[in-house]
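The basis for the numbers below is simple: all heavy atoms, side chains too, and nothing from hydrogens, waters or symmetry mates. Note that the structure is a prediction, hence the values are computed from the model and not measured.
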Amino acid sequence: MSFGNQGARVWRKTGEKEMPKCLKSSVKYPQSVMVWGAMSAAGVGPLCFIKGRVNAASYQEILEHFMLPSAEMLYGDEDFIFQHDLAPAHSAKKPLGPLVDITIPSLDLGLIKLGNKTLSKFTIANVSPLEAKWKIQESKACIDARGEEESRFSISPEGGVLPPLGTREVSVVFKPSVCQRLETVLELEVENGEGSYLPVTASVQVPQVCLLSSSLVFNEIYVGVQAQSAIKMFNQGQLPAKFSWQEKALNRNETEIYM
C-alpha cells in the first residue's frame, strides 16, 4: 500500500517484522540510463542508448540513425506521422553559435529533512571555439506548477561568460518549504546559442512515528512491586526520529503517556 509521498507500507501482524513477505529492498541512489525508442501500431524500433546530454545536434543524429531506419523497416514506402514531445532538444535548431553542455544528465538531491538545506555542485563546459555568455535558473513553469511565487533554489553563479573550451563549477543550494517529491528543471540559457536543461529530483520528508498499539496494559499489579509492560513504535518514514515520553494523568486509575 502507498500513502501520498510516504512510500510503500505493509500491514503486518505482531512477530512478522522480519518475514520476507513484509520486507522490500531499495537502493538510495539507483543507477540510471537514458534511451531513445520509437513505437507505433506497426511495431517498435531498436533502442538507442544515450551517453551524456541530449541537445539539438545529438537528437538530429538519433533521428537520422534510428528513427528513419525504424520508419523504413516498419512502413516501407507507406506514409506515417512522426510525433514527439516538446523537450527543448526536439524543437531547437542546430546551433551555429556557442554550445555549452551540463556535464551530468540529472541531479538527484536525495532525501532531505524539512527545515534543512542541501548543497550540490556540477560543471558546465563550453565545447565550442566561441566565447559563451550564459545564465541558469529554475524553470518558471515548474515554479508555477508548485504554486510558489519564487524558486527555492539559490544558484551561484547564476550566469557569466565562459571562454572557448572553458568550464565553470556551479553550486546549487535547495531549501524546501514543504514536504514533497520534487521534480523540477534548471534551465541553462546561452546567448546566441542553444540552451540546455538539467532535471532535478528530491524527496522532502519529516520524521513520522506511530505506536503499533493504542494502549499499554499492566496485568497483575501488586502494591510495592515494580511492574513492566512494553509497546512498539514504528518509524513510518526514511528519516531517523528523535522522541521523548511524557506522562499525563487522566483520573485516579488511568494515565496517558504521549510522545
Under 6.0 Å from the CD atom of Glu158, do we count more than 12 heavy atoms belonging to anything else shown?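 Not more than 12 within 6.0 Å, no.
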Counting heavy atoms not belonging to Asp77, are there more than 12 under 6.0 Å from its CG?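 Check fails, neighbour count at 12 or below.
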Under a 3.5 Å threshold, yes or no: a donor from one side chain and an acceptor from the other, between Thr184 and Glu138?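 Thr184 vs Glu138: donor-acceptor pair found between side chains.
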Between [atom1] on residue [X] and [atom2] on residue [Y], distance to nearest 0.5 Å:
{"X": "Glu61", "Y": "Cys48", "atom1": "CD", "atom2": "SG", "value": "9.5 Å"}
{"X": "Ser139", "Y": "Phe153", "atom1": "OG", "atom2": "CZ", "value": "11.0 Å"}
{"X": "Ile112", "Y": "Lys175", "atom1": "CD1", "atom2": "NZ", "value": "12.5 Å"}
{"X": "Ser177", "Y": "Arg152", "atom1": "OG", "atom2": "CZ", "value": "4.5 Å"}
{"X": "Met34", "Y": "Lys51", "atom1": "CE", "atom2": "NZ", "value": "13.5 Å"}
{"X": "Gln226", "Y": "Ile221", "atom1": "CD", "atom2": "CD1", "value": "11.5 Å"}

Could you report the tightest heavy-atom contact between [X] and [Y], atom names first, then the distance?
{"X": "Pro105", "Y": "Pro199", "answer": "O-CD, 3.4 Å"}
{"X": "Leu47", "Y": "Phe66", "answer": "O-CE2, 3.9 Å"}
{"X": "Pro157", "Y": "Val170", "answer": "O-CG1, 4.1 Å"}
{"X": "Leu74", "Y": "Gly43", "answer": "CD1-O, 3.9 Å"}
{"X": "Val44", "Y": "Met39", "answer": "CG1-CB, 3.9 Å"}
{"X": "Asn126", "Y": "Pro164", "answer": "ND2-CA, 3.7 Å"}

Answer whether the closest heavy-atom distance between the side chains of [X] and [Y] falls below 4.5 Å.
{"X": "Met67", "Y": "Phe82", "result": "yes"}
{"X": "Leu188", "Y": "Val100", "result": "yes"}
{"X": "Ile155", "Y": "Leu186", "result": "yes"}
{"X": "Glu183", "Y": "Val200", "result": "no"}
{"X": "Tyr59", "Y": "Trp36", "result": "yes"}
{"X": "Phe174", "Y": "Leu119", "result": "no"}
{"X": "Asp101", "Y": "Asn55", "result": "yes"}
{"X": "Leu182", "Y": "Thr201", "result": "no"}

How far apart are the C-alpha atoms of Arg146 and Gln180, what are their side-chain angles, what is the distance that settles it, and do they pass the side chain to side chain contact (heavy atoms under 4.5 Å, CB included) test? CA-CA 10 Å; Arg146 295 199 303 269; Gln180 61 183 307; 3.6 Å; yes
Joint cluster assignment, [X] & [Y], ILVMFWY side-chain distance < 4.5 Å:
{"X": "Leu198", "Y": "Val54", "result": "no"}
{"X": "Leu162", "Y": "Leu165", "result": "no"}
{"X": "Leu68", "Y": "Ile50", "result": "yes"}
{"X": "Ile104", "Y": "Leu109", "result": "yes"}

Quick one: do Glu194 and Leu99 satisfy side chain to side chain contact (heavy atoms under 4.5 Å, CB included)? Show the steps, please. CA-CA 6 Å; Glu194 181 194 10; Leu99 179 60; 3.6 Å; yes
Ser156 (side chain) donor-acceptor with Ser171 (main chain) under 3.5 angstrom: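 Flag not set: sc Ser156 to bb Ser171 has no pair under 3.5 Å.
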So Gln83 and Ile81, side chain to side chain contact (heavy atoms under 4.5 Å, CB included) or not? Walk me through it. CA-CA 6 Å; Gln83 293 180 309; Ile81 297 176; 4.1 Å; yes
